[in-house]
Amino acid sequence: QVRLVESGGGLVQAGGSLRLSCAASDGTIRKYALGWFRQAPGKEREFVAGLMWSGGRSDYEDSVKGRFTMSRDNAKNTVYLQMNSLKPEDTAVYYCAAERAGIVSGDHTQYDYWGQGTQVTVSS
């Protein structure tokens with residue numbers, strides 16, 4: 001079973017940047033699709049970004065397009081979410097997740113493994 005550990009969250013002012021990391025416990029992650037999701041208090045968990053580890057384009061939720069970039073590091077079995085031009089509405093707990101079939105999906109119920117989450121707070 002793959003273990004995912006997120007890091008990099010914190011408090012930042014609007015307009016600032018953060019980079020989230022999601023480290024996987026082993027290289028089996030390279031067969032999977034990876035996604036970033038977020039959940040604000042009282043709201044549903046929502047898709048932010050996703051990619052297939054084996055290649056192909058990344059997908060992004062409309063409100064983060066042009067501001068967030070998802071990438072991976074094969075050597076470190078780690079995916080990243082670079083978040084620029086942050087807005088107060090980006091405030092949430094951010095989770096990374098892995099999907100064994102290798103299909104990027106916006107539906108969080110399709111994902112098999114989850115990290116513990118990292119808090120991102122954007123002040124106005």
Starting at [atom1] of [X], measure out to [atom2] of [Y] and round the result to the nearest 0.5 Å.
{"X": "His108", "Y": "Trp114", "atom1": "NE2", "atom2": "CH2", "value": "6.5 Å"}
{"X": "Gln1", "Y": "Ser25", "atom1": "CD", "atom2": "OG", "value": "8.5 Å"}
{"X": "Asn84", "Y": "Arg19", "atom1": "CG", "atom2": "CZ", "value": "11.5 Å"}
{"X": "Arg45", "Y": "Asp107", "atom1": "CZ", "atom2": "CG", "value": "12.0 Å"}
{"X": "Leu18", "Y": "Leu11", "atom1": "CG", "atom2": "CG", "value": "9.0 Å"}

Measure the shortest side-chain to side-chain distance between [X] and [Y] over non-hydrogen atoms and say whether it is less than 4.5 angstrom.
{"X": "Thr78", "Y": "Arg72", "result": "no"}
{"X": "Arg38", "Y": "Val64", "result": "yes"}
{"X": "Leu20", "Y": "Tyr80", "result": "no"}

Q: Indicate yes or no: does Asp62 engage Lys65 in a salt bridge with an N to O separation below 4.0 Å.
A: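 A salt bridge is present here (some side-chain N lies under 4.0 Å from a carboxylate O).
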
**Q.** Under-4.0 Å salt bridge between Arg3 and Asp26
**A.**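 Salt bridge between Arg3 and Asp26, a charged N being under 4.0 Å from a carboxylate O: no.
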
Q: Answer yes if Trp36 and Ile29 sit in the same cluster of Ile, Leu, Val, Met, Phe, Trp and Tyr residues linked by side chain heavy atoms under 4.5 Å apart, and no otherwise.
A: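 Same hydrophobic cluster.
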
Q. Is there a path from Leu51 to Phe68 through hydrophobic residues (I, L, V, M, F, W, Y) whose side chains come within less than 4.5 Å of each other?
A. yes

Look only at the side chain of [X] and the backbone of [Y], and say whether a donor-acceptor pair between them is shorter than 3.5 Å.
{"X": "Tyr111", "Y": "Ser105", "value": "yes"}
{"X": "Glu44", "Y": "Glu46", "value": "no"}
{"X": "Thr118", "Y": "Gly9", "value": "yes"}
{"X": "Glu6", "Y": "Cys96", "value": "yes"}
{"X": "Gln13", "Y": "Gly16", "value": "no"}

Q: Go through the side-chain N and O atoms of Asn77 and Arg30 and say whether any donor and acceptor fall under 3.5 Å apart.
A: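 The criterion, which ignores hydrogens and geometry beyond distance, is satisfied for Arg30 and Asn77.
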
Q: Could you go through the ring-ring contact (aromatic ring centres under 6.0 Å, His included) check for Phe47 and Tyr60 one step at a time?
A: CA-CA 8 Å; Phe47 175 79; Tyr60 298 93; 8.3 Å; no

Q. Taking all atoms of both residues into account, what is the closest heavy-atom pair of Leu4 and Tyr113, and its distance?
A. CD1-O, 3.6 Å

